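Some notes on the structure that comes next.
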Amino acid sequence: MTLDLAQFHDTFFAESFEALDSMENALLKLSAGDADLELVNTIFRVAHSIKGGAATFGFTDVAAFTHTLETLLDQLRAGKRRVDAKLVDTLLRSCDLMREMLGATQHKQPMDKARVSALHAEIELIMAMPGDSPAIAVPAPPATAAVAPAAAPAQLPPGETRSGWRIHFVPGPKLLRHGNDPLRLLRELATLAPCEVRVDAKWIPPLTELDPEECRLSWHIEVNGPVRESAIKAVFDWVEGECDLKLEAFGPAPDATVMVPALSMPEAQQLAVTPPVVEEPPTLAPVAPTIDESLAPRNNAASTQAAAAAASATSLPSAAAGDGGSIRVSIEKIDELLNSVGELVITQSVLSQLAATLEGHDAEELRNALGQLERHMRNLQESVMRVRMLPISFVFNRFPRLVRDLGQRLGKKIELRLSGDTTELDKTVLEKIGDPLVHLVRNAIDHGIETPEVRLAAGKPAHGVIELSAYHKGGNVIVEVRDDGGGLKRDRILAKARERGLAGADEELSEDRVFNLIFAPGFSTADVVSDVSGRGVGMDVVKRNINELGGHVQIHSTTGKGSMVRIRLPLTLAILDGQLARVGSEVYVVPIVSIVETIQVREEQVSSVASRAQVFRLRDDYLPIVRLYDLFGIEPQHTDLLDGLLMIVEADGKRVGLFVDELMSQQQVVIKSLETNFRPVVGLAGATMLGDGRVALILDVPGVISRFQSQETRRASAQEAA
Amino acid sequence: MKALAYMTGSEARDSRQFLTFRLGGEEYGVGILTVREIRGWSPVTAIPHAPAWLLGVINLRGVLVPIIDLRVKFKLERADFNEFTVVIILNVGERVVGIVVDAVSDVITLASADIKSAPHLGNQADTSHILGFGTLDQRMRILMDVERLLASADLRAADTANN
């Protein structure tokens, strides 16, 4: 039976990348001095399951590298090696490399082999060093490799060698269905030592009863070579529980039923320098079966490994995330659910409207029942919405690494504090907020936090602090990036702005206005352009990205004390707070976030410029008037400005007065895209279903303004032509 | 037995089912597999600056579905929409669109031998969206290629009104 493994590739890659993230997290915690065994186990599990998966799918490069890494991690796990900064650094780089290798494999691109083997060699070198005293100079790996096997047998009492194993392997009938191939196991076994395999076909039923998907064969295998029992068990790791496995040692051994072989120190090191790829090298010295004091912890380790293997075989993501009980669901399914719930809400409100007109005793009961229904519907809608929400830790998690690396590179000591990382945000918002946040944090490290010397001179602790926090506030999520560095240099920003003509020469600007200048495109006050920041691209992009999400950015800064960037984000992009406005028979939804105020126009406030264009005076500003009926070509109720209402809306710093017939209710609306079945329309952000089942269009204020401007330009040129 | 099964198989392969509908005195057909549902006319929400053949969008169980007036598309006289007016909701590729027709008639099965390709009418009429003509019981139906029809309807075209 050949199974098309390619269909599992995507899952493997997705899970591996996730697992690598958790490995990175664990490593960063390790580097903080937290030598928790659970952390080491997490790291080991990741390497182990990636190795297993990669080997199954035939990604030999990845498997080979992970194998070596796993061996090193195994030493950590067994307590043979202490965790130090250098080791964590190497492991972090291995993590990056694995990510790259997996990425390259996924996209079928070539990988820089030299870098892989360089790091590979580095890991082997580390392993060649005696675990407890890594500072001692050690000969190059090949030399060690040559020495170790020779030394090892001397350590073992003669007569305790084994010359091989008899294995009786009876796979369960469902083994094949679970994607395991006994042939692969046999081949893997053959890499350990020469094997003699006899197949036992006596359980095969007559042809008429034969189910090709069931495995009815069993095997007698003789492994002719000194191989450790754990090595053999490791081969059968993936089928554990699905087969009947009997191991029996043969050869000149006194004890034929070894549970777990005890491993002496020299052997472990020797193991480490032998070539990777194979599960356990065949050149391995025979194992001493004596049960000494090292057995107990080893036994422990072996069972952890078995547990880890079992866990990774069944549910890698939950093992990696450390929180059980989650499933992977595609976003489309959730959106479908959301749609259905939205429809239910509409149907329910139609029912309520109908019931409101009924009379009599039964009608009252019906209304009560409908009132209950409404409450349940609202709960249901909220729950479904919450399914799309993810904790902001998904974004925050990348920062410990970033801060550590960048701090090291710039010679700055930085402590990162994260708070509120369980605050939940819509997945779409979350995906788009990552890059702006990275930019802000990099800026804080590069421009904000000073070098330790400068900080000490200023009477501040040498360690700078960057604080990332997230919390809920009034239906929004606030994310703050705070540093205790030098703060924004107001004078310098102002000088630069004047130089670039962004501010008048003797114009006095408020604090806020000055700080907002740094969001202007191409603005940078950095003296030196580094590869980290200072090129002046970025802050404008940050602001644009956040505005696109319907959010706001604010900057506060005190010279010498530090700066704080506060980002306000909507909880979700699927729902919008809207003001319903009527024009003729059409109802439009205006995002509340863009509305400044709504006023009834008095005659003296309006003046005509040239022949057509009308402007409206709002305190000290003159605003153009956009007649929505004219722009959208619909029949209005009022054409006289004095009869309707003027909604002052703002986008990209531009304000216009939007003329509508009347305002209706304010409500939260679910945004539906016009693009799904039609195409994007300038001036419209989408549409939504109203309570009565009608479709109302949602205005996109920047689009409305630009549409208005181009229409005016066209009219002006048409007039000139005429 | 075997031979018979083969025969039916080949027959099924060589014939197609069409949903036929009336529009301005003519009878048209669309492949039954593209039809998602048939519903009565309900008011639409007009989209500003949309082409004339796009009546607007409706809410179909939480999905916005554009509704196309085939009469405009085929340059027929406009008709009043009443309770007999029918909207056929079609799956076109990844999208869902609705077409307004006068009435739905029948589901017919046509053998491929009964489907004649559209004659080239030169400038007289655009036949690019016509799959062919099918004759059954002496009556001719114009079979539409929905994908092509809506490609020419150009749903995806850029919003040119702004430029």
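None of these values were measured; they are calculated from a predicted model. A, B, ... follow the sequence lines: proteins, then strands. Residue 1 opens every chain.
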Spatial distance of atom NZ (Lys672(A)) from atom CG (Leu64(B)) [nearest 0.5 Å] | 7.5 Å
Identify which part of Leu684(A) has an atom lying under 4.5 Å from any heavy atom of chain B, answering side chain, backbone, both or neither.
-> side chain
Given that the side chain runs from C-beta out, which part of Ser585(A) has a heavy atom under 4.5 Å from chain B: side chain, backbone, both or neither?
-> neither
For chain A, which residues of residues 29-47 of chain B have heavy atoms nearer than 4.5 angstrom = Thr45(B), Ala46(B), Ile47(B)
Using atom types as modelled and distance alone, determine if a side-chain donor or acceptor of Asn677(A) lies under 3.5 Å from a backbone N or O of Val96(B).
-> yes
Taking His49(B) for the side chain and Leu631(A) for the main chain, is one N or O donor matched with an acceptor at less than 3.5 Å?
-> yes
If every non-hydrogen atom of Pro48(B) is compared with every non-hydrogen atom of Leu697(A), which pair is closest and at what distance?
-> CD-CD1, 3.6 Å
Nearest heavy-atom approach of Val57(B) to Val695(A) is CG2-CG1, 3.8 Å
